[in-house]
Amino acid sequence: QVQLVESGGGLVQAGGSLRLSCAASGRTSSTYIMAWFRQAPGKEREFVATFNTRGGRTFYADSAKGRFTISEDNAKNMVYLQMNSLKPEDTAIYYCAATSRSIWGTILCSIQSGYDYWGQGTQVTVSS
């Protein structure tokens with residue numbers, strides 16, 4: 001089993017920045033694709049970004065490209081989401097996700113069913 005705990009959410013003004021953190025514990029050696037999803041009120045959970053720890057490759061949703069950066073600190077079993085130029089429409093609960101399955105390069109990288117482990121989420125609110 002793998003446990004994921006997010007932190008770093010909060011209230012920020014439009015144009016500001018936040019860095020979300022995801023601490024992984026348990027059988028982390030088995031998980032090599034990490035991702036961030038988000039869910040706004042009344043909307044379905046959507047993909048934000050994903051990171052392949054075996055090579056450092058990344059993939060972003062169009063809404064995140066150029067503004068968000070996903071990264072990891074392998075020694076600390078941490079995954080980060082640096083969010084810049086935040087907009088009110090970025091307001092959502094942000095979830096960290098992980099999988100040990102070989103889904104890189106497939107549609108599963110960007111949908112919920114591709115991931116086996118989830119954190120509890122952290123709230124991000126962007127005021128206008």
Side-chain angles (χ1 to χ4, degrees):
Q1 285 290 334
V2 175
Q3 293 78 44
L4 303 173
V5 179
E6 304 94 334
S7 61
L11 174 64
V12 63
Q13 288 188 332
S17 298
L18 279 176
R19 188 179 80 156
L20 305 183
S21 300
C22 173
S25 61
R27 296 184 60 185
T28 57
S29 62
S30 68
T31 56
Y32 75 100
I33 298 177
M34 307 293 294
W36 288 94
F37 284 73
R38 67 185 183 185
Q39 188 167 17
K43 295 187 177 181
E44 294 188 355
R45 194 171 299 188
E46 66 176 9
F47 168 74
V48 177
T50 186
F51 183 94
N52 186 332
T53 65
R54 297 177 184 174
R57 289 170 288 176
T58 58
F59 178 68
Y60 296 91
D62 287 344
S63 60
K65 287 178 183 177
R67 299 189 301 127
F68 295 2
T69 303
I70 187 171
S71 63
E72 72 155 352
D73 184 332
N74 189 49
K76 296 181 179 179
N77 289 328
M78 297 288 292
V79 175
Y80 305 101
L81 184 68
Q82 177 67 43
M83 305 187 294
N84 300 326
S85 303
L86 282 162
K87 306 174 182 179
E89 51 263 44
D90 294 318
T91 295
I93 299 174
Y94 283 70
Y95 297 90
C96 180
T99 185
S100 59
R101 289 182 280 160
S102 299
I103 64 170
W104 192 259
T106 74
I107 189 66
L108 290 174
C109 278
S110 58
I111 60 176
Q112 293 185 65
S113 59
Y115 296 87
D116 304 302
Y117 307 104
W118 292 85
Q120 83 289 346
T122 185
Q123 176 71 49
V124 171
T125 303
V126 184
S127 64
S128 57

Shortest non-hydrogen pair, I93 vs Q123, comes out as CG1-OE1, 3.3 Å
Within this structure, what is the OG1-CG distance for the pair T58 and N52, rounded to the nearest 0.5 Å? 10.0 Å
Flag, side chain of E6 to backbone of Q120, donor-acceptor distance under 3.5 Å: yes
With heavy-atom distances below 4.5 Å as the criterion, would you say the side chains of S63 and F68 are in contact? no
Distance-minimising heavy-atom pair for Q1 and Q3: CB-NE2, 3.6 Å
Ignoring hydrogens and geometry, is there a side-chain-to-backbone donor-acceptor pair from R101 to G114 under 3.5 Å? yes
Nearest 0.5 Å, what's the CH2-OG1 distance between W104 and T50? 4.5 Å
Starting from the C-alpha separation in whole Å, work towards a yes-or-no answer on side-chain contact (heavy atoms from CB on, under 4.5 Å) for N84 and S17. CA-CA 4 Å; N84 300 326; S17 298; 2.9 Å; yes
Holding to ring-ring contact (aromatic ring centres under 6.0 Å, His included), I want the full list of residues that pass it with F37, two or more places apart in sequence or in another chain. F47, Y115, W118
Residues D90 and K87 bridged, charged N to O under 4.0 Å: no
Between S102 and Y32 the two heavy atoms that sit nearest each other are CA-OH, 2.9 Å
Verify, without hydrogens or angle tests, whether T91 (side chain) and T125 (backbone) share a donor-acceptor contact under 3.5 angstrom. no
Kindly give the heavy-atom pair with the smallest separation between L86 and L18, and that separation in Å. CD1-N, 3.8 Å
All heavy atoms of L20 vs all of Y94, minimum pair found to be CD1-CB, 3.5 Å
Is a donor on one side and an acceptor on the other found under 3.5 Å between the side chain of T53 and the backbone of I33? no
Treat each ILVMFWY residue as a node, draw an edge where side-chain heavy atoms are under 4.5 Å apart, and state whether V48 and V12 are in one component. yes
Is there a side-chain contact between W36 and C96 (heavy atoms, below 4.5 Å)? yes
Verify, without hydrogens or angle tests, whether R67 (side chain) and S85 (backbone) share a donor-acceptor contact under 3.5 angstrom. yes
Would you find a donor on one side and an acceptor on the other, under 3.5 Å apart, between the side chain of Y60 and the backbone of G66? no
Taking all heavy atoms of L108 and all of S113, pick out the closest pair and write down the distance. CD2-OG, 3.9 Å
